[in-house]
Amino acid sequence: LFRGYVRAGGAPRYNLADPKRHPRLSAMPDAVLRLHVASGFRPGVGDVMDLQGAPIRAYDAAKHGPFYANAWRWTRDPRYAWLLVHVFGQGALSDAEWTAVCDAAAGQRDPVLHGGSQVLEGFGFATLEEGTASADYRHKNAVMLQTGIGSGHAHCETLNYEVFAHGLRMSSDLGGRASSMYGRPQVMATRVHNLVEVDERSHNGGTAENATGIGWIEAWKPYPEAQLVQASGRAESHPQVSRYSRTLAQIVCDPGNGSNRTPSAYVFDLFRVAGGSVHTWCFHGAVSEAFQCNAPLQSATSATASNYLSRYYPGSQREGVAPDALEAVWKLRRKEETVDGFVFQNAEKKMLGSLYDPAAPEKFTKVTLFGHAGDTVLVGNWWSKMVSGGRFFNFPFLHVRAEGAALSHVYPALVEPYAGEPFVREKRMLAVEGAEPGAEAPVAMRVRTVFGQTDLLFSGIRTDAVYRVE
């Protein structure tokens with residue numbers, strides 16, 4: 001259309017199909033390719049998705065050939081050449097163009113299957129990716145941190161993150177819209193994401209539950225086998241919050257053997273928050289068939305627990321008190337069964353498809369939260385029973401709550417997605433001499449693994465301070 005307009009004598013500056021004048025045009029195909037995590041999973045950002053869905057490509061092999069043919073003409077990007085040769089075909093490209101495409105594609109790899117760590121600016125997420133050389137999804141690890149701004153189909157999820165390992169979503173966004181048919185509590189709420197909720201209210205753009213806060217990346221260091229990302233956020237709904245930031249590091253302990261032993265990596269998660277009178281740290285693991293927690297739990301009978309957990313599945317609400325190192329483990333669902341009208345599927349099989357091996361070790365997500373002894377532990381099952389969409393879920397979500405005036409906290413945690421047996425042998429906080437209190441507190445931790453690896457982890461936000469670690 002625009003080219004025809006120019007050929008008919010129209011002003012070239014109005015030709016939106018000219019990538020030199022309008023560079024966003026040539027950036028679009030790049031963004032589509034980068035809308036993948038762990039070499040094929042779609043990022044769980046807002047709206048509707050299947051939290052036990054298999055990897056799927058963001059492009060349509062039947063329809064997007066002309067789009068990537070033009071992208072090749074504009075950019076000569078060899079990734080697009082690979083797609084044209086292996087996915088879309090020659091189409092309307094001339095024989096001379098096709099020869100150039102084939103030459104450019106030689107030696108290239110699938111740009112999605114072998115995608116690496118990235119920051120997708122604009123859309124708003126950063127990933128830490130390991131195992132990118134492998135063509136097997138099961139040998140990849142990834143963490144995705146969200147910072148994007150959205151409304152309409154958005155969730156209140158600024159600084160939420162997802163964990164991928166063993167070819168699986170080991171902690172996933174829930175997808176879905178505001179209607180309770182997509183899940184209860186409402187899937188857009190901050191409390192059903194891996195976040196810290198302040199003052200029992202979702203973090204959003206003011207009054208709308210379907211709008212995000214504002215987030216931005218402060219650091220992104222994709223060093224091999226020890227990658228890091230740091231981001232901060234603000235929300236109009238929470239003017240009382242002066243700090244809201246998260247640091248994530250993905251640490252590889254064993255790269256696997258490329259065959260029957262998948263890689264082992266853990267996530268070091270550090271959330272800093274200041275302001276407000278109620279802080280609730282929230283986390284959930286994989287779609288699960290079993291759950292364990294080292295805090296003694298009983299039926300939720302206190303006014304606080306009854307109120308906070310009122311929308312979770314009836315009979316699942318429990319409460320307790322956190323020890324200094326609070327642990328919880330979710331066992332990824334394999335068991336297919338129908339319970340109380342919920343038609344549960346084998347989540348591992350659904351995500352892995354033909355790669356599923358029932359003889360392989362079962363998969364688990366473990367989280368350990370440090371330094372919050374005495375805080376209230378609240379557990380309740382988020383649930384969805386959408387018969388028409390086949391959306392059946394019912395599994396536990398973990399919340400750790402503190403109350404007081406002008407709260408300021410740091411939440412150090414380890415997330416371990418593992419197969420069979422845990423690979424972290426020891427993990428403990430180390431004393432830091434000269435540490436500030438609250439959200440500015442430096443954090444030191446030692447982690448030992450069954451592979452003989454010892455990691456010393458440290459995080460501090462002050463550049464003018466000197467600390468002595470135990």
Side-chain angles (χ1 to χ4, degrees), residues 37-41 50-55 113 128-144 161-172 194 225 250-269 283-294 327-337 344-368 393-396 398 413-427 447-455:
V37 186
S39 302
F41 285 98
D50 185 353
L51 58 158
Q52 56 188 15
L113 187 60
L128 308 176
E129 307 256 4
E130 294 283 357
T132 57
S134 176
D136 188 332
Y137 294 106
R138 295 169 295 180
H139 294 272
K140 299 174 182 292
N141 290 78
V143 178
M144 185 198 79
Y161 72 102
E162 299 183 72
V163 180
F164 304 81
H166 313 295
L168 304 161
R169 293 181 182 270
M170 300 304 290
S171 180
S172 175
N194 296 333
E225 300 189 353
Q250 180 172 249
I251 312 295
V252 175
C253 304
D254 177 62
N257 61 6
S259 178
N260 62 343
R261 190 178 80 247
T262 53
S264 296
Y266 65 84
V267 179
F268 177 45
D269 172 24
F283 186 86
H284 63 277
V287 175
S288 60
E289 62 180 53
F291 173 79
Q292 293 181 328
C293 180
N294 70 342
E327 288 189 350
V329 182
W330 289 257
K331 179 183 177 183
L332 179 66
R333 174 169 286 279
R334 280 186 174 180
K335 188 176 182 180
E336 296 181 340
E337 58 182 340
F344 297 124
Q345 302 179 66
N346 182 331
E348 182 175 348
K349 183 178 181 179
K350 189 173 180 184
M351 285 186 271
L352 288 177
S354 62
L355 295 176
Y356 174 67
D357 179 4
E362 294 188 297
K363 313 304 187 298
F364 302 82
T365 305
K366 176 189 283 190
V367 67
T368 307
F393 299 103
N394 191 330
F395 66 102
L398 176 66
L414 284 187
V415 180
E416 307 162 48
Y418 64 89
E421 297 295 330
F423 56 87
V424 173
R425 180 167 57 86
E426 177 193 355
K427 52 200 169 185
V447 177
R448 300 185 192 273
T449 74
V450 298
F451 307 107
Q453 176 174 317
T454 298
D455 298 327

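No hydrogens, no waters, no symmetry mates; every other heavy atom, side chains included, goes into these values. Bear in mind that the values here come from a model prediction, so they are computed numbers and not experimental data.
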> With Glu416, which residues qualify under side-chain hydrogen bond (donor to acceptor under 3.5 Å, both in side chains), at least two apart?
Replying inline: Lys427
> Quick one: salt bridge (charged side-chain N to carboxylate O under 4.0 Å, His left out) partners of Glu337, sequence neighbours excluded?
Replying inline: Arg333, Lys335
>> Given 3.5 Å as the limit, does a donor-acceptor pair link the side chain of His284 with the main chain of Ser172, or not?
In response: yes
> Excluding sequence neighbours, so at least two apart, what forms side-chain hydrogen bond (donor to acceptor under 3.5 Å, both in side chains) with Arg425?
Replying inline: none
> Counting only heavy atoms not in Gln292, do more than 12 sit closer than 6.0 Å to its CD atom?
Replying inline: no
> Does the pair Glu130 and Lys140 meet the rule for a salt bridge (charged side-chain N to carboxylate O under 4.0 Å, His left out), with working shown?
Replying inline: CA-CA 6 Å; Glu130 294 283 357; Lys140 299 174 182 292; over 6 Å; no
> Just by distance, do the side chain of Glu289 and the backbone of Arg334 share a donor-acceptor pair under 3.5 Å?
Replying inline: yes
> How long is the span from the CG atom in Leu332 to the CG atom in Leu168, to the nearest 0.5 Å?
Replying inline: 6.0 Å
> At what distance, to the nearest 0.5 angstrom, does OH of Tyr266 lie from CG of Leu414?
Replying inline: 6.5 Å
> Does atom NZ of Lys349 have more than 12 heavy-atom neighbours from other groups under 6.0 Å away?
Replying inline: no
> OG of Ser39 to CZ of Phe164: how many Å apart, nearest 0.5 Å?
Replying inline: 11.0 Å
>> Would you compute the distance between atom SG of Cys253 and atom CZ of Phe423 and round it to the nearest 0.5 angstrom?
In response: 5.0 Å
> Is Arg169 close to Phe41 at the side-chain level, that is, under 4.5 Å between some pair of heavy atoms?
Replying inline: yes
> Is a donor on one side and an acceptor on the other found under 3.5 Å between the side chain of Gln250 and the backbone of Leu128?
Replying inline: yes
>> Checking side chain to side chain contact (heavy atoms under 4.5 Å, CB included) between Trp330 and each of Pro417, Ser171, Pro396, which is the one that passes?
In response: Pro396
>> Measuring only between side-chain heavy atoms, which start at C-beta, is Ser134 closer than 4.5 Å to Asp136?
In response: yes
>> Would you say the rings of Phe364 and Tyr418 are close, in the sense that their centroids are separated by under 6.0 Å?
In response: yes
>> Is it the case that the side chains of Thr262 and His166 hold a donor-acceptor pair, with the cut-off being a distance below 3.5 Å and no angle test?
In response: yes
> So Glu348 and Lys363, salt bridge (charged side-chain N to carboxylate O under 4.0 Å, His left out) or not? Walk me through it.
Replying inline: CA-CA 8 Å; Glu348 182 175 348; Lys363 313 304 187 298; 2.8 Å; yes
> Has the side chain of Thr365 got a donor or acceptor atom that lies under 3.5 Å from a matching backbone atom of Gly285?
Replying inline: no
> In Å and rounded to the nearest 0.5 Å, what is the CG to CG distance from Asn346 to Leu352?
Replying inline: 9.0 Å
> Are any side-chain N or O atoms of Asn194 and backbone N or O atoms of Tyr161, one a donor and one an acceptor, separated by less than 3.5 Å?
Replying inline: yes
> Can we say Arg448 and Asp455 salt-bridge, meaning some charged N sits less than 4.0 Å from an Asp/Glu carboxylate O?
Replying inline: no
>> I'd like to know if the side chain of Arg138 and the backbone of Pro263 have a donor-acceptor N/O pair within less than 3.5 Å.
In response: no
>> For Asn141 versus Ala265, what's the shortest heavy-atom pair and its separation?
In response: ND2-CB, 3.8 Å
>> Before we go on, tell me: are the rings of Phe291 and Phe395 under 6.0 Å apart, centre to centre?
In response: no
>> Strictly distance-based, threshold 3.5 Å: is any side-chain N or O of Asp254 a donor or acceptor partner for the main-chain N or O of Ser264?
In response: no
>> If you count every heavy atom of other residues, nucleotides or ligands that lies below 6.0 Å from Glu426 atom CD, does the total exceed 12?
In response: yes
>> Measuring only between side-chain heavy atoms, which start at C-beta, is Glu129 closer than 4.5 Å to Val37?
In response: yes
> Looking at NZ of Lys350 and CD of Gln345, how far apart are the two atoms once the value is rounded to the nearest 0.5 Å?
Replying inline: 4.0 Å
